Amino acid sequence: MTAHDVTAGRPANASENPAGKMTAPTPGIGALHVIAGLEAEHGGPSYSVPRLCQSLAVAGARTTLLSVAGVGAPATHFSDGACEQHRYVWDYARVPLLKGLRLSAGFADELERRTPDADVVHNHGLWLMPNVQAAWAAKRAGKPLVVSPRGMLSPEALAFSPLRKRAFWHLLQGPAVRDAACIHATSESEYAEIRKFGLRNPIAVIPNGIDLPTLAETTPAGRVVLSLGRIHPKKGIDRLLRAWASVEGTRPDWRLRIVGPSEEGYGAALASLVSELGLHRVSIEGPLYADKKLAAYREADLLVLPTLNENFGLSVAESLAAGTPVICTVGAPWSGLNAEGCGWWIEHGAEELASALANAMAMPRGALKAMGTKGRAWMERDFSWSRVAREMLAVYGWLIGGGNPPATLRFD
């Protein structure tokens, strides 16, 4: 475990303040959450943000989640029994220039209506108008604002559309974030990225939680390495293919599945690379959700995340929760894979990946399964949603009522 990796395990006193006293969450806190969109193909936040809201509600908060629906989708309003969710029509979704802002008059009106009754406003994500409007509404109503960048301030994320982001930051996003009462990081590495970016706000380091699925015995034909997530250049899948080229010929009973939604035409580029490398047991597939995604984790012997950068890396937690060990690069904050004996946390590069793959693929299925069992126990111990909700409520309580700050907060 490293000093810069929250996902390597948290101390038992993580909900205590520096004085050693528990910071009790304020009952009945009204938390208004905002995210620009929740389409499943956008990755981890489509799961983690609604699940955080649900967990906060179960812990006693009054939670509401506002977002903008996908292209052409109608407004929807529903409750899961704990948290209200409202999704509003995406105006100008097909209009050049304007479509990139994810504007919604219905969303803006509801945000203004609800903010005065909230105790805290919690925005998730950056670079879209709902993320800025959340800050404006909080400021007008005199409510504390929490901002969760969700990995969008990493150097790798900032490298995509840099001119647009630089202009948007200067004109709109920067003032909104600098006015936040608190920034939420899901790992120590994201905390370091936020500080390196130059923000001096208090930062709460609280990881995402994970649900533990029911374990099921599966006996797939052959052995499977799985890569699951967005098919995007920052995920490093090209390096995985080059590493696979080194081991495919030595392990004829193994195959590689690359599963996820393709972005920016990257799936086609990877298919060309598969052909160029002469690979025979690689499939590039579309996204899987719900039970089909869980089945993919269960049927795999091993998950590989060769990412350049992640603020959390939800697929790692999902795989371990399903009992499947993981190879992950240092681009994601999972050094605990080594410490907990449930995988490999390795340096970037095709050679490093090939070495880790060779080691893992030489192991019998039972040995890998035992590693996965350790990983599942780790998820249950340190990443329960009830624990995450308690820690977040303690931060909300401090923002509203003051007193000693919870130990999750950083001021340096």
Side-chain angles (χ1 to χ4, degrees), residues 1-11 14 43-45 47-48 148-151 154-157 184-194 205-213 225-230 232 234-237 239-240 243 260 293 297 300-349 352-353 355-357 359-360 363 368 370-385 387-388 408:
M1 181 170 65
T2 69
H4 295 288
D5 182 14
V6 72
T7 60
R10 287 178 285 163
Y47 161 77
S48 60
S148 296
R150 299 289 171 185
S154 72
E156 290 78 10
H184 164 225
T186 57
S187 67
E188 291 282 356
S189 59
E190 187 179 21
Y191 161 78
E193 290 168 354
I194 293 168
V205 182
I206 302 174
N208 291 322
I210 191 68
D211 290 299
L212 293 179
V225 172
L226 175 67
S227 169
L228 192 151
R230 292 185 300 135
H232 184 280
K234 85 160 194 169
K235 298 295 183 177
I237 305 173
R239 298 179 182 184
L240 173 58
K293 180 169 75 168
Y297 283 126
D301 293 89
L302 183 69
L303 177 85
V304 179
L305 180 63
T307 186
L308 303 182
N309 180 269
E310 303 286 331
N311 68 300
F312 185 74
L314 183 62
S315 63
V316 173
E318 289 178 332
S319 181
L320 295 175
T324 299
V326 175
I327 294 173
C328 178
T329 58
V330 294
W334 286 98
S335 67
L337 291 169
N338 295 335
E340 300 289 337
C342 55
W344 295 261
W345 195 59
I346 64 171
E347 293 294 332
H348 295 292
E352 289 79 3
L353 273 169
S355 177
L357 283 169
N359 289 336
M363 297 174 66
L368 288 174
M371 293 179 69
T373 299
K374 292 179 181 178
R376 180 180 167 92
W378 178 29
M379 294 299 99
E380 184 174 17
R381 185 185 74 232
D382 285 348
F383 294 88
S384 71
W385 276 113
R387 179 172 183 170
V388 170
T408 55

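Small disclaimer: the values here were computed from a predicted structure and weren't measured.
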Is the F383 ring parallel, tilted or perpendicular to the W334 ring (thresholds 30°, 60°)?
tilted
Whether [X] side chain and [Y] backbone form a donor-acceptor pair below 3.5 Å:
| X | Y | value |
| --- | --- | --- |
| T324 | Y297 | yes |
| W378 | L337 | no |
| R376 | L320 | no |

Residues passing the side-chain contact (heavy atoms from CB on, under 4.5 Å) test with P306, sequence neighbours excluded, are L240, V304, T329, L353
Across all chains, not counting sequence neighbours, the side-chain contact (heavy atoms from CB on, under 4.5 Å) partners of S355 are N359
So CH2 of W345 and OG of S335: to nearest 0.5 Å the spacing works out to 4.5 Å
CE (M379) and CD1 (I210) are apart, to the nearest 0.5 Å, by 8.0 Å
Looking only at heavy atoms, which two atoms of [X] and [Y] are closest? And how far apart?
| X | Y | value |
| --- | --- | --- |
| A360 | L368 | O-CD1, 3.7 Å |
| I194 | P149 | CD1-CG, 4.1 Å |
| P213 | A322 | CG-CA, 4.1 Å |
| G341 | K374 | O-CD, 3.6 Å |
| L305 | G313 | CD2-CA, 4.4 Å |
| R150 | H184 | NH2-CE1, 4.1 Å |

Can you find a heavy atom in the side chain of [X] that is under 4.5 Å from one in the side chain of [Y]?
| X | Y | result |
| --- | --- | --- |
| S227 | K235 | no |
| W344 | M371 | yes |
| L308 | H232 | no |

Residues at least two apart in sequence or cross-chain that pass salt bridge (charged side-chain N to carboxylate O under 4.0 Å, His left out) with E190, listed by chain then number, are none
Residues passing the salt bridge (charged side-chain N to carboxylate O under 4.0 Å, His left out) test with R230, sequence neighbours excluded, are E263
Test side chain to side chain donor-acceptor pair (under 3.5 Å) applied to [X] - qualifying residues, sequence neighbours left out:
| X | result |
| --- | --- |
| E156 | N309 |
| W385 | Y47 |
| S319 | none |

- Verify side chain to side chain contact (heavy atoms under 4.5 Å, CB included) between C328 and E310, making sure each step is shown before the conclusion. CA-CA 11 Å; C328 178; E310 303 286 331; over 6 Å; no
Distance-only donor-acceptor check, side chains N311 and T186, under 3.5 Å: yes
Residues pairing under salt bridge (Lys or Arg N to Asp or Glu O under 4.0 Å) where one sits in residues 315-325, two or more places apart or in two chains, turn out to be K293-E318
